[in-house]
Amino acid sequence: MNIFRLFGDLSHLAAIAILLLKIWKTRSCAGVSGKTQLLFAVCFITRYIDLFLHFVSLYNTEKVMKLIYISASVFTCYLIFFKFKATYDGNHDSMRAEFLIVPAAGLACLINTKFDAIEILWTFSIYLEAVAILPQLFLISKTGEAETITSHYLFAQGSYRALYILNWIYRYHYESHVDTIAIVAGVVQTILYCDFFYLYITKVVKGQKIVLPA
Amino acid sequence: KRILTHHDEL
């Protein structure tokens, strides 16, 4: 474990917590893409499938973190699609998730480290995570604005994988560790946030709201 | 460089 991965995981936890708090406190999921949250839930379940297969006692923080990610993302989907369904902005959350899932699944079958079920699921989860934020960014571009709290969520969510890139550079240099698939997907994922990062740094930090040119 | 098969990151 290095400082970059530690802060990356903390940033990821913060993002999940910020979103849950936003929905729970405002009792509304306006401005939140349910599809992106569904995709994240799928990512966690397919990536941490080993938790279900050979359940080992929660002997380390990693197992606990995996369970937190899975349960928090499923609970977030429950809030969006059931509890606060009336506030779900289905009209604007209109990006076809199939256009993200099918290519990720196909690519996972073509480009992977080992052609076995667990590895294919892990690879699918990595590819899907890289594009899972697209419905959320698409929704913001459709509505033309993002609530400040949602911007903080997106900043934490984008920072997590950006910090992982620093972690991979660190591990390449000090541990000769290379996980090419995770690195390439992580770079693509972070690039998708660049536009938002620019808006966040120039606007939200100054206390303004993000309003996209309609 | 060592390519990982098991994945030790979240």
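Just so it is clear, the structure is predicted and the values come from calculations on it, not from any experiment. A, B, ... follow the sequence lines: proteins, then strands. Residue 1 opens every chain.
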**Request:** Could you tell me the separation between the OG1 atom of A/Thr113 and the NE2 atom of B/His7, rounded to the nearest 0.5 Å?
**Result:** 5.0 Å

**Message:** Are there residues of residues 147-165 of chain A whose heavy atoms fall under 4.5 Å of chain B's heavy atoms? If so, which?
**Reply:** A/Arg161, A/Tyr164

**Atom group of A/Tyr48 that falls short of 4.5 Å from chain B, counting heavy atoms** = side chain

**Message:** Checking A/Asp195 now: which residues fulfil salt bridge (Lys or Arg N to Asp or Glu O under 4.0 Å) with it, not counting sequence neighbours?
**Reply:** none

**Fill in**
Rounded to the nearest 0.5 angstrom, the CG-CD distance for B/Asp8 and A/Glu175 is 8.0 Å

**Item:** salt bridge (Lys or Arg N to Asp or Glu O under 4.0 Å) partners for A/Arg96, two or more places apart
**Value:** A/Glu98

**Request:** Determine the minimum heavy-atom distance between A/Asn167 and B/Glu9, stating which atoms define it.
**Result:** ND2-OE2, 3.0 Å

**Item:** Contacts of residues 2-14 of chain A with chain B (heavy atom under 4.5 Å)
**Value:** A/Arg5, A/Asp9

